Amino acid sequence: KGVGVKTLLVWCEQDQFHAWTKWKVHAKKLEKSLGSSMYSEFIFKEKMWSKFGWSLHTEAIERQIVKFYTGVDPGAVPDAVHHRPQDIEESTNGAAVVRHDNIVLAD
């Protein structure tokens, strides 16, 4: 009777074979029918569509697909990087200093 699966719509507004101006009405109906938990979309623009098509956006499209399937954005910047180990050492003149290791090799 209708679509009952989680759906990701990937579309280029300048696609010359499938005009977004005509299809966006259907996308809105699909979004309303499925609800926000079952519907995602990635709409992008490429002014040089006739020359490049999707090719300039492949990485962004793949990132959205992975995020859609796993729920994790593989390109997201982490909130924090690994903690740099530090140790209290003694300088050449005998003063206490804190040493921060910038390169850490795994065991």
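Bear in mind the structure is a predicted one, so any value in this text is a computation, not a measurement.
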field: Results of ring-ring contact (aromatic ring centres under 6.0 Å, His included) for Trp23 - residues two or more places apart only
entry: Trp11, His26
Shared hydrophobic cluster, Val25 / Ile43 (ILVMFWY, side-chain heavy atoms < 4.5 Å): no
Nearest heavy-atom neighbours spanning Lys45 and Cys12: C-SG, 4.4 Å
message: Quick one: does any side-chain atom of Thr70 pair with a main-chain N or O of Val66 as donor and acceptor, under 3.5 Å?
response: yes
field: Value rounded to 0.5 Å, distance of OG in Ser33 from NZ in Lys28
entry: 14.0 Å
message: Let me confirm one number: the CD1-CZ distance from Ile61 to Phe42, rounded to the nearest 0.5 Å.
response: 6.0 Å
message: Please report the interatomic distance CG(Leu30) to CE(Met38), rounded to the nearest 0.5 Å.
response: 10.0 Å
Reported OG1-to-CG distance for the pair Thr7 and Leu34, which is rounded to 0.5 angstrom: 5.0 Å
Gap separating the CG atom of Leu8 from the CD atom of Glu41, nearest 0.5 angstrom: 9.0 Å
- prompt: What is the distance from atom OH of Tyr39 to atom NZ of Lys29, rounded to the nearest 0.5 Å?
  reply: 13.0 Å
- prompt: Where is the tightest heavy-atom contact between Glu46 and Leu56, given as atom of each residue plus distance?
  reply: OE1-CD1, 3.5 Å
- prompt: Within 45 degrees of the axis of the six-membered ring of Phe68 and under 6.0 Å from its centre: does Lys6 put its NZ or CZ there?
  reply: yes
Quiz: residues 90-100 side-chain donor-acceptor pairs under 3.5 angstrom, not counting sequence neighbours:
from	atom 1	to	atom 2	distance (Å)
Ser91	OG	Asn93	N	3.4
Ser91	OG	Asn93	OD1	2.4
Ser91	OG	Ala95	N	3.1
Ser91	OG	Ala95	O	3.3
Asn93	OD1	Ala95	N	3.3
Arg99	NE	Asp101	OD1	2.8
Arg99	NH1	Glu89	OE2	2.5
Arg99	NH2	Asp101	OD2	3.4
His100	ND1	Gln86	OE1	3.1

- prompt: Looking at Arg63 and Pro74, what are the two nearest heavy atoms and their distance?
  reply: O-CD, 3.9 Å
